[in-house]
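The structure appears below as structure tokens.
Numbering of ligands and ligand atoms starts at 1, following listing order.
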Amino acid sequence: MQASRRISTILGGGSDGWDVFNKARQMIAAGIPVTELTIGEHDIRTAAPILQDMHRSALDGHTGYAAIPGVTALREAVAARVQERTGVPTRKENVMITPGGQSALFAAHVAACDPGDRALYLDPFYATYPGTLRGASAEPVCIQTHAEDAFQPRSADIAAQAKGAKSLLINTPNNPTGVVYSRATLEGIAEVCRDNDLWLISDEVYDTQVWEGEHLSPRALPGMAERTLVVGSMSKSHAMTGSRCGWLIGPEDVIGHAINLATHTTYGVPGFIQDAAVFALDQGPAFEEEIAAPFRRRRAIAQNVLAGQNAVSLVPAQGAMYLMLDVRNTGMTGEDFAYALLEEHHIAMMPGESFGKAAAGHLRVAMTIADDEFEKALRTLCAFAESKT
Ligand code: PMP
């Protein structure tokens, strides 16, 4: 028996871009120590008080089926948070709680696109994007951004692909580039969406990690609340990646349809996880700042290390837990550089080529190890790059 075309082509053929990561993991399994700057996950674990609240909720009996759209307290907490941060009126009916932002990305595309509809997304992209779009039976259409624009998308390039398309997926603060889209960029994108009747799917899972400028949710731009689906998550803001708790925000009728999808797929998120998420959100912005602080610090460390050399340059590091390094001065591809750095110095980073074509000749550095090790790895990387120029 053959699996369906839909499921068997989720990866779209070719490399999934994780070869360097897999090689690093093989080395570690063989007992070789590797400094890993590959994966977007905090080096701290979920805070003990959040886990204690989860435990309390479970012992209190919240272990049965939970409300599929999300428990009222969490939907209301998320709605209040979104309204406060964006100024856009948001009620619990605009919110569905999902098992992580990833599930919300899928639900958003099922909600926006019919099978075969063109779904636009931007290169470089978070690794799961094209597969998520294919999984939702849409036809992914990739639009390049450019290193010379610091990877801020050009609205004219989006407009050129927008005719007949159904949706556009964006991500700011951005994984993998660490760039925060400017107001001008987002206004240009919003105009293309309005002019071409596109759904805008806005992945804002890094919205608490902004080092420069401010995070602007495009749902707050004129005429956008009715055509924007926002993806959010507790994963990055509260170091709760393993809890699988995120949300989808959108117009009430679309959220209603998304709840029907959840009823027939995920059947919601465990109640004790949702209760812990309410507790975590109640800790307020100071707690979120504390979770983001190590990345803010390491970004400053990187700026300092990189200032003393010319072999490697840093794409403006404005947000998210990543840095993007331009290694084109070495004449090497990002992939060759990453392999060589892994083999010679046992330091693992993701080549820009793992995230599409636009970031070729770059490396994505996850700022997810202790400060001193992080600094040492960057110094080794710079010396290595200098030896190649
Ligand atoms: N979007 C982006 C851009 C991400 O980097 C990630 C996780 N790495 C996600 C969505 C999904 O995160 P989660 O499902 O844990 O909320």
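When each of Phe355, Tyr322, Phe151 is tested with His362 by the rule ring pair (Phe, Tyr, Trp, His ring centres under 6.0 Å), just one qualifies, namely Phe151. For the side chain to side chain contact (heavy atoms under 4.5 Å, CB included) with Ile170, the qualifying choice from Leu200, Asp203, Thr185, Ile201 is Leu200, the only one to do so.
Close contacts of ligand 1 with Arg244, meaning ligand atoms under 4.0 Å from a residue heavy atom, involve 13 (P), 14 (O), 15 (O). Which parts of ligand 1 touch Ser233 is read off a 4.0 Å heavy-atom cut-off, strictly below it: atoms 13 (P), 16 (O). Distances below 4.0 Å separate heavy atoms of Gly101 from the following atoms of ligand 1: 13 (P), 14 (O), 16 (O). Counting the atoms of ligand 1 from 1 in the order shown, those under 4.0 Å from a heavy atom of Asn171 are 3 (C). Listed by number with element, the atoms of ligand 1 under 4.0 angstrom from any heavy atom of Gly100 are 14 (O), 16 (O).
The protein non-hydrogen atom at the shortest distance from atom 9 (C) of ligand 1 is Tyr126 CE2, 3.6 Å. From the protein, the heavy atom lying nearest to atom 11 (C) of ligand 1 is Gln102 N, 3.8 Å. Closest to atom 15 (O) of ligand 1, if we only count protein heavy atoms, is Ser235 OG, 2.7 Å. For atom 1 (N) of ligand 1, the closest heavy atom belonging to the protein is Asp203 OD2, 2.5 Å. Of all protein heavy atoms, the one closest to atom 8 (N) of ligand 1 is Lys236 NZ, 2.9 Å.
Annotation: Asn310, atom CG; neighbour count of heavy atoms from other residues, nucleotides and ligands within 6.0 Å does not exceed 12. Counting heavy atoms of neighbouring residues, nucleotides and ligands inside a 6.0 Å radius, atom NZ of Lys376 does not exceed 12 of them. Counting heavy-atom neighbours within 6.0 Å of His146 NE2, excluding the residue itself, gives a total above 12.
How far CG of Leu378 is from CD of Glu373: 11.5 Å, rounded to the nearest 0.5 Å.
Classification of the Phe295-His42 ring pair by plane angle, with boundaries at 30° and 60°, yields tilted.
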